[in-house]
Structure formats: C-alpha cells, structure tokens
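Below is one structure; the comments refer to it alone.
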Amino acid sequence: MKNYTPKEIVEELDKYIVGQKEAKKSVAVALRNRYRRNLLPDDFKEEVTPKNIIMVGPTGVGKTEIARRIAKLVEAPFVKVEATKFTEVGYVGRDVDSMVRDLVEAAVRMVKEEKLKKVTEKAKKIAEDRLIDYIIGKRKKQTKNPFEVLFNYPSAEKSEETEEESMQYKREEIRQKLRNGELDNYVVEIEVTDTSTPMLEMYTNLGSEEMNINLQDIFADILPKKKKLKKVPVYEAKRILESEEAQNLIDMDEVIEEAIKRAENDGIIFIDEIDKIASSGYTAGPDVSREGVQRDILPIIEGCTVMTKYGPVKTDHILFIAAGAFNVAKVSDLIPELQGRFPVRVNLKPLTKEDFIRILKEPKNALTKQYQELLRTEGIEVKYTDEAIEAIAEVAYLINQQSEDIGARRLHTVMEKLFEELSFNAPELGGQQIVITEEYVKEQLKDSLNKYEVSKYIL
C-alpha cells in the first residue's frame, strides 16, 4: 500500500472530483490511519480496527468516484457492490459473503499482475528461444555411430561441430530478424497449453451464491496439462509464448498468500445503494428481506472469517465505505448495530451551476477534454468559449432542478446531445477547427431547452 499524507490524497482527488471537501478529508484520514496501523507493534496492531465511512448524498455527486480513485491511488484491492443485489440467506440471489470473495479475486489479479511485470524480461528471452525453435524446426538428437565412437573418427566430430556452429549462426540471424520485426507476418505453428477447460456450476449450502469451479484446478495435480498446435503469425506467437512463459515463472502459492494478506489488511469494499435495504418502519413485503440483508452484512463488517476458494479470509481490517442517497429512508432507518459499524458519517452536497462549470473545466478527465480528444482522431480541433461552458452548465443544472436530480451524470446527457450532429458528420469535416460558442449550444440543445422550459434562463 502506497504511503500518502492526507493532504496529498485530497490533492490527488481534486484532479478528478470537484468539491466535496468533507468526504475527501474523511477518506484521506481513513487511509492514513491504515498506514499508521501498519507501523504499530504486532500485538497492538490487531486491536486497531478501521473507521468505516457512510456517505450520504444524491446520485451523481462523486460518492463512487471518491472510493474508486482512492483505491487506485494507494493500489489497494477494491470492489464495488450493490446492496440491492444481495438477499437474505434462504432466498434466491447473491449472498453477502460474495463481496469478500470478489475482493480476494481482485487482490489475486492485482498481485499476479505485479509479479508478471517483474518476470516480463526473463519471459521474453525464454519465449524468443522457443519461437526460434519453432521457426527453424526442432532439431532431432542424432545418435552417434558406435564405430565412430570406438575408432574416434575425427571427420564425424568435425562435421557435428560445423553443424552446431551453422545452427548457432542461423539462430542468431533469425533472432535479429525477430527483433527487427521482419518476420512478424510469417505464419508459424506453435504448441500451446489448452486453456479451454469445462466449468462446473454449483450452488453452495451457505446461500444461493452461484460458484464456477474450474475442473482443471481440481485435477491439476492428477491430470497432465493438455497441449495443442496452433498456427499464428509470428507477432501473435511472440505474445502467446511470452504470456505462457511469464505464467510459468510466477509462484501462484506465493501470489495467493500475498493477495489474501493484502485483501485482509488493505482491502476496500464499497457498498453502494445501502439506503435501498433500509426499511422505514415495520411493513409487510420485501422489507423483511431487506432487514435480513442488513443482519447478514453485519458480521462481515464487524469481523468474521469467510471461506473462499483461496482459503479463509478475515474481514476484521477491511475498510468498508457505504453510500446512499437516503432520499426516502434515513440513515437512522438502518438497524442500530449496522449504524454503529459506520462511525464516520459524511454528507455530500448537491451540485450547483458553479460546480458544473468547474467539472467541465478542471478535472484531468473532464468531459470537454474527452470530446476534444475523440474528435481529434478525426482531424477536428474543438475549442470552447467560456460562455459556451457556462451555457452547458446552466442547462444541466436547470434540467436537474426541473426533473430528477442525477448530479454530474446530467452533463453526459447534455454533452452527448450537444456533440451528436458534429460526431455524426466528423469523418467529412477532417482538418477543420470547430469553436463551440453559446449560440451553438443553444442551437444544438433547443429541443432540451423547450422540453424543460429552461430557454428563458439562458437567452
């Protein structure tokens, strides 16, 4: 887990998410506390539990993005789950333990990728030698004539030495051509491991979680790996062989051990739509199941051991971040035990017109920049006037006010409509510079303006 100060974390989040200082500050402190915990003595480390966070705010204000960005920033295993997809034990659907299994899978992928990067160069060299063998054809080991050995005929030894030198020269010549890309389109037949293995679907008795079990994993030590011949271009063969050799060079037992450790100590589980499983009062119908899901989630957040295909995983030190709009139910409608497991509560504010302007201008991945880059591939240079950006922001803000408030996601709808005509005609407009003005925005969005009666605000 990378070491960042709280201020550095907030500064990094500011590059992608506008506003919401309070939420950024809370997650930054939570991450720093994990780093501090790792520096504690082992006997005291186990006593320090993460301070789970619950984010309250309307959709599209940055709740999910904050969680996703911090996980990417500190390179921690991260998984996002929807609370509404889980059902109480005994009902058909996903059981809550699956969120921990998903986290372990994410950790295994992360550690495996890191290990693969370390052996890339070695794998390339081995793969290159294998590929050269396939190109020139594997040499069959010739048996020496017993009489040549007995009488020590010099001519035979000399002939073999000459052949060896010739073969070595040929291999180096092919190696050079491979590195120069001269043989890329040459088709070669290679032998690869057959990965098309049958899958067995089953239902566990711990719930109705559907699990896929790879039969090759079960019989890996009993059955030999199946090989098959494949004809591919050299550039493709190089990629296949490099991948295969890299896989052979890493120790999966070591990967799994490190992944479980990382999931247990650095893992982050983001539970979205938690307000949808909060029941406001005791009513008949699905509320019973909702409260059951809360009761099932509780032991995982409190700390328990979940069985996965990689082994048991303890959830005591996994950081849980929950989020919900809470526009119908309230945080107090969650069962008290669950509320108590989220000591940090953060309220995210609805976005204003000024926020929309900043969202269009400041983030590294701003929508305005995305459309510029997309149309640049067609040879079109797109520029925006400040008035145009203000008009886009105002349209998005007013539509949110007059219909459902979907936060920053409204900008996606507005921008797609704004660029629809230009994107359609882009292949014929290559080499031009297009300036998006306030008048252009009004013209392209006139249908939306009339529909929501917001034209009087921006005229």
Side-chain angles (χ1 to χ4, degrees), residues 2 72-73 75 77 105-144 155-197 214 216-217 220 224-259 262 364-365 370 373-379 430:
K2 285 191 175 180
K72 192 174 182 181
L73 178 64
E75 296 180 359
E105 290 285 355
V108 168
R109 279 197 305 273
M110 180 180 285
V111 175
K112 191 175 177 182
E113 283 172 11
E114 289 173 7
K115 300 281 186 189
L116 286 172
K117 282 180 184 176
K118 291 179 181 177
V119 298
T120 299
E121 289 304 314
K122 191 174 180 182
K124 280 183 179 178
K125 290 176 183 176
I126 299 171
E128 191 177 65
D129 286 332
R130 274 184 69 186
L131 188 53
I132 292 169
D133 283 338
Y134 287 124
I135 291 172
I136 64 177
K138 288 187 177 180
R139 289 176 295 136
K140 291 181 181 178
K141 210 171 185 180
Q142 294 181 349
T143 308
K144 286 187 178 182
S155 58
E157 285 184 11
K158 190 176 180 182
S159 173
E160 192 173 321
E161 284 175 13
T162 306
E163 186 184 342
E164 187 67 34
E165 286 175 9
S166 174
M167 184 60 71
Q168 193 63 35
Y169 176 78
K170 190 177 181 181
R171 289 179 68 87
E172 290 306 315
E173 189 180 9
I174 292 172
R175 193 187 304 276
Q176 198 59 46
K177 286 184 177 181
L178 270 177
R179 291 176 179 175
N180 294 337
E182 295 175 35
L183 304 176
D184 279 357
N185 297 319
Y186 178 81
V187 177
V188 64
E189 188 175 54
I190 60 173
E191 188 181 57
V192 295
T193 305
D194 188 2
T195 54
S196 58
T197 53
N214 192 331
Q216 187 172 339
D217 289 343
K225 289 183 179 179
K226 190 178 176 183
K227 299 281 186 178
K228 66 176 181 181
L229 294 174
K230 191 174 183 181
K231 284 187 177 181
V232 289
V234 165
Y235 71 88
E236 181 70 12
K238 196 187 297 183
R239 184 190 63 80
I240 293 170
L241 295 176
E242 282 175 9
S243 174
E244 199 173 278
E245 290 302 330
Q247 297 280 353
N248 293 335
L249 287 170
I250 62 172
D251 182 355
M252 277 308 294
D253 290 335
E254 189 181 317
V255 168
I256 290 166
E257 185 182 345
E258 188 175 333
R262 197 176 293 190
K364 287 178 72 175
N365 60 338
Q370 290 180 29
E373 294 303 318
L374 285 170
L375 290 169
R376 189 171 282 130
T377 62
E378 301 276 7

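For clarity, every value in this text was computed on a predicted model and none was experimentally measured.
- Checked against side-chain contact (heavy atoms from CB on, under 4.5 Å), L249 has the following partners two or more places apart in sequence or in another chain: V119, K122, A123, I126.
- For the atom pair CD1 of I174 and OH of Y169, the computed distance is 11.5 Å after rounding to the nearest 0.5 Å.
- Every residue two or more places apart in sequence or in another chain was checked for a salt bridge (Lys or Arg N to Asp or Glu O under 4.0 Å) with E257, and none qualifies.
- Minimum heavy-atom separation, Y134 to E189: CD2-O, 3.6 Å.
- For E128, the side-chain contact (heavy atoms from CB on, under 4.5 Å) criterion is met by I132, R175, L178, R179, not counting sequence neighbours.
- For residues 241-252, the salt bridge (charged side-chain N to carboxylate O under 4.0 Å, His left out) pairs, not counting sequence neighbours, are R130-E244, R130-E245.
- Under the side-chain contact (heavy atoms from CB on, under 4.5 Å) criterion, R109 pairs with E105, A106, not counting sequence neighbours.
- The CG atom of L241 sits 10.0 Å away from atom CD of E236, with the distance rounded to the nearest 0.5 Å.
- Looking at heavy atoms from C-beta onward, E114 lies out of side-chain contact with K117 at the 4.5 angstrom threshold.
- Distance check: L116 CG to Q247 CD gives 5.5 Å after rounding to the nearest 0.5 Å.
- Looking at E182 and Q176, their side chains never come closer than 4.5 Å, going by heavy atoms from C-beta outward.
- Of the inter-residue distances, the one linking L131 atom CG with I190 atom CD1 reads 7.5 Å to the nearest 0.5 angstrom.
- With salt bridges taken as basic N to acidic carboxylate O contacts below 4.0 Å, none links K170 and E173.
- For K115, the salt bridge (Lys or Arg N to Asp or Glu O under 4.0 Å) partners at least two apart in sequence or on another chain are E254, E258.
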